[in-house]
Amino acid sequence: MIHVSYVSRTDPPMSSEQLLELLMECRTKNTARGVTGMLLYANGTFLQAIEGDDAVIDELLGKIEHDSRHADIQILSRRAIEQRQYSEWSMGFDRVTDEALGEIDGLRDFGAKDFDFNFLIEHEPVVNSLMEHYRRPHWDPLLGELDAKDKVIEHLQEKLAQVRGGVEVARLALESVTEASRKGATDDALLRLCDTALDALGRR
């Protein structure tokens with residue numbers, strides 16, 4: 001198993017919606033691949049750590065290098081590990097802010113404005129302090145949005161399953177109406193079948 005950290009930049013800077021899309025993609029794919037890690041972002045700059053099986057990480061790095069959302073990718077470290085450092089994160093995330101940086105010992109003179117590609121590739125101790133600090137769970141409004149979005153998706157999936165079930169009932173009801181019409185059923189019987197179909201499609 002290996003741990004790799006790298007820095008890259010994106011131009012123009014990503015919007016919250018784009019970051020959410022990226023994170024949702026990472027969560028889904030990383031869980032399936034057995035990859036864990038952390039992604040930090042500010043000023044159009046990514047600092048990311050990923051860990052997992054050697055072949056999986058190498059394949060993922062190859063995909064990242066060809067991802068238009070990343071440019072000027074610079075590997076900062078690559079080392080073998082026996083235990084994951086980010087075992088709780090399929091992909092943890094935080095946006096770097098002055099408020100968050102103020103909590104990190106040894107980075108009192110490092111501000112969010114300093115979080116950029118050129119600075120990070122030249123200051124390994126800063127990178128190490130950042131990654132060590134963010135190994136612990138942190139709450140971020142964007143991550144809250146992502147969690148909320150996950151809940152909305154789950155709710156929609158449940159509703160979709162209900163709709164599909166309703167459609168199948170409606171299909172049966174409509175087929176029954178057709179068959180009953182062909183057999184000369186009474187108007188009352190046909191109306192009852194139509195009501196069943198409408199109810200199945202969500203009429204209140």
Query raised in the report: Which word best sums up how the rings of Y41 and F46 line up, parallel for under 30°, tilted for 30 to 60°, or perpendicular for over 60°?
Result: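 Tilted: the ring planes of Y41 and F46 meet at 30° to 60°.
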Query raised in the report: In terms of the angle between their ring planes, are F110 and F119 parallel, tilted or perpendicular, with boundaries placed at 30° and 60°?
Result: tilted
Check: [Y] main-chain N/O paired with [X] side-chain donor or acceptor under 3.5 Å:
X   : Y    : answer
D98 : G111 : no
D72 : S8   : no
D53 : A55  : no
R84 : E51  : yes

Query raised in the report: Any idea which heavy atoms bring A49 and Y86 closest together, and the distance?
Result: CB-CE1, 3.9 Å
Query raised in the report: What is the minimum heavy-atom distance between K113 and D116, and which atoms define it?
Result: O-OD2, 4.1 Å
Separation between [atom1] of [X] and [atom2] of [Y], rounded to the nearest 0.5 Å:
X   : Y   : atom1 : atom2 : answer
I50 : C26 : CD1   : SG    : 9.5 Å
M1  : D54 : CE    : CG    : 9.0 Å
I2  : R78 : CD1   : CZ    : 3.5 Å

Report task. I would like to know whether Q74 and L120 meet side chain to side chain contact (heavy atoms under 4.5 Å, CB included); could you show each step before the answer? Result -> CA-CA 10 Å; Q74 178 74 42; L120 293 175; over 6 Å; no
Query raised in the report: Can I64 be reached from I75 by stepping across I, L, V, M, F, W or Y side chains whose heavy atoms are under 4.5 Å apart?
Result: yes
Query raised in the report: Does atom CD of E25 have more than 12 heavy-atom neighbours from other groups under 6.0 Å away?
Result: yes
Side-chain heavy atoms of [X] within contact of [Y], under 4.5 Å:
X   : Y    : value
I73 : L61  : no
N43 : R9   : no
L76 : I121 : yes

Report task. Would you please test L40 and M131 for side chain to side chain contact (heavy atoms under 4.5 Å, CB included) and show each step? Result -> CA-CA 9 Å; L40 302 181; M131 300 312 290; 4.1 Å; yes
